[in-house]
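One structure is given below, encoded as structure tokens.
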Amino acid sequence: MIVYPPKPSPGDRVAVISPSSGLPGLFPLPYELGLERLRKEFGLEPVEYPATRKMGATPRERADDIHAAFADPDVKAVFASIGGDDQITVLPHLDRELLRANPKPFFGWSDNTNLLAFLRNTGIVAYHGASVMCELGRSGAMHPQTADSLRAALFTSGPYELRPA
């Protein structure tokens with residue numbers, strides 16, 4: 001059975017994790033900009049987990065962050081900081097039952113497609129897109145369609161139609 005996790009509301013806490021790569025530690029400017037946009041443009045309070053900025057975090061450390069983010073009742077959604085290239089090594093460490101018992105909207109793409117598929121196979125709907133460093137941390141401004149799509153995925157249910165760019 002497919003589970004549609006409850007949506008967050010402005011003011012809620014959201015987890016920011018690096019299930020693929022700790023690139024926020026090497027490139028803090030787009031990361032910090034993405035966190036700031038989560039706060040100011042979406043009204044969400046980001047919560048960073050221990051391996052988020054750690055390059056070379058072990059698969060177990062990254063799985064621990066995923067578990068902690070999903071298990072925390074105060075966290076209402078989970079965002080990947082960015083993609084990477086070895087998230088597949090994290091999957092064997094994940095506890096399906098813990099995730100299934102604590103469904104949350106997850107946002108990520110690129111290497112996070114592994115986690116998106118894992119969540120889907122666990123029965124949890126997740127969202128392909130909107131990583132903190134790439135979409136939210138884009139210099140200048142977020143693309144309007146990206147912002148609208150993310151806002152819809154975060155806060156609305158039912159059919160949603162994008163405006164032409």
Side-chain angles (χ1 to χ4, degrees), residues 1-25 31-32 34-39 41-137 146 149-157:
M1 178 182 244
I2 298 297
V3 175
Y4 289 84
K7 303 275 183 148
S9 298
D12 282 346
R13 294 164 43 107
V14 296
V16 178
I17 60 175
S18 293
S20 296
S21 175
L23 285 172
Y31 178 67
E32 294 294 336
L35 297 179
E36 186 67 17
R37 284 198 176 120
L38 278 172
R39 287 184 194 96
E41 294 184 28
F42 296 91
L44 299 169
E45 186 54 43
V47 178
E48 186 175 310
Y49 284 75
T52 304
R53 296 182 194 232
K54 183 178 177 184
M55 284 300 296
T58 67
R60 169 59 68 195
E61 289 173 305
R62 290 178 280 153
D64 288 347
D65 281 1
I66 294 167
H67 291 148
F70 275 82
D72 186 338
D74 293 329
V75 166
K76 304 303 180 190
V78 180
F79 282 84
S81 64
I82 196 165
D85 63 7
D86 75 338
Q87 188 181 88
I88 196 99
T89 65
V90 175
L91 300 185
H93 300 281
L94 294 180
D95 180 340
R96 278 184 198 278
E97 294 309 313
L98 182 146
L99 298 174
R100 178 89 175 147
N102 301 281
K104 304 210 170 135
F106 173 76
F107 296 87
W109 63 281
S110 186
D111 196 38
N112 292 292
T113 303
N114 293 297
L115 184 52
L116 289 165
F118 184 91
L119 291 169
R120 174 65 176 88
N121 290 336
T122 302
I124 300 170
V125 171
Y127 300 87
H128 189 263
S131 67
V132 173
M133 291 179 70
C134 295
E135 287 74 31
L136 289 153
T146 301
S149 294
L150 178 55
R151 197 166 278 106
L154 281 167
F155 304 124
T156 65
S157 22

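For this chain, numbers begin at 1 and follow the sequence in order. Source: prediction; values computed, not measured.
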Separation between CG (N102) and CD (E97), nearest 0.5 Å, reads 11.0 Å
Across all chains, not counting sequence neighbours, the side chain to side chain donor-acceptor pair (under 3.5 Å) partners of R53 are E32, E48
L115 side chain near P19 side chain, heavy-atom distance below 4.5 Å
yes
Applied to residues 4-25, the side chain to side chain donor-acceptor pair (under 3.5 Å) test, sequence neighbours excluded, yields K7-Y127, S18-S81, S20-Q87, S20-D111
Residues at least two apart in sequence or cross-chain that pass salt bridge (Lys or Arg N to Asp or Glu O under 4.0 Å) with K76, listed by chain then number, are none
Rounded to the nearest 0.5 Å, the CZ atom of R96 sits from the CG atom of L91 at a distance of 8.5 Å
Residue pair V16 / V47, side-chain heavy-atom distance below 4.5 Å:
no
Residues pairing under ring-ring contact (aromatic ring centres under 6.0 Å, His included) where one sits in residues 78-100, two or more places apart or in two chains, turn out to be F79-F107
Inset, instruction - Check whether any side-chain heavy atom of I124 lies under 4.5 Å from a side-chain heavy atom of F118, and answer yes or no. - result: no
Check: P5 and V125 side chains under 4.5 Å, non-hydrogen atoms
yes
With sequence neighbours left out, the residues meeting side-chain contact (heavy atoms from CB on, under 4.5 Å) with R100 are M1, V3, T122
The side chain to side chain donor-acceptor pair (under 3.5 Å) partners of T58 (sequence neighbours excluded) come to E61
Using only atom types and a distance under 3.5 Å, with no angle test, would you say the side chain of S149 pairs donor to acceptor with the backbone of T146? no
Given R62 and D86, is the side-chain contact (heavy atoms from CB on, under 4.5 Å) satisfied, shown in steps? CA-CA 11 Å; R62 290 178 280 153; D86 75 338; 2.8 Å; yes
Exercise for the section: Please answer whether the main-chain N or O of E41 pairs with a side-chain N or O of R151 as donor and acceptor at a distance below 3.5 Å. Expected result: yes
Donor-acceptor check, side chain of E135 to backbone of S131, threshold 3.5 angstrom: yes or no?
yes
Contacts of D85 meeting side-chain contact (heavy atoms from CB on, under 4.5 Å) (sequence neighbours excluded), chain-then-number -> none
Nearest heavy-atom contact between A77 and V75 is O-CG1, 3.2 Å
For R39, the salt bridge (Lys or Arg N to Asp or Glu O under 4.0 Å) test, sequence neighbours excluded, returns E36, E45
Side-chain donor/acceptor pairs under 3.5 Å, residues 64-71, sequence neighbours excluded:
{"unit_1": "D65", "atom_1": "OD2", "unit_2": "A51", "atom_2": "N", "d": "2.8"}
{"unit_1": "H67", "atom_1": "ND1", "unit_2": "A63", "atom_2": "O", "d": "3.3"}
{"unit_1": "H67", "atom_1": "NE2", "unit_2": "D95", "atom_2": "N", "d": "2.8"}

Closest heavy-atom pair, V78 versus K104, reported as atoms and distance to 0.1 Å, is CG2-CB, 4.3 Å
Query raised in the report: Is the closest side-chain heavy-atom distance between L44 and L154 below 4.5 Å?
Result: yes
d(M133 CE, L23 CG) to nearest 0.5 Å is 5.5 Å
Q. Going by heavy atoms in the side chains, are L150 and L136 under 4.5 Å from each other?
A. yes
Residue set satisfying side-chain contact (heavy atoms from CB on, under 4.5 Å) with S110, at least two apart, ordered chain then number -> none
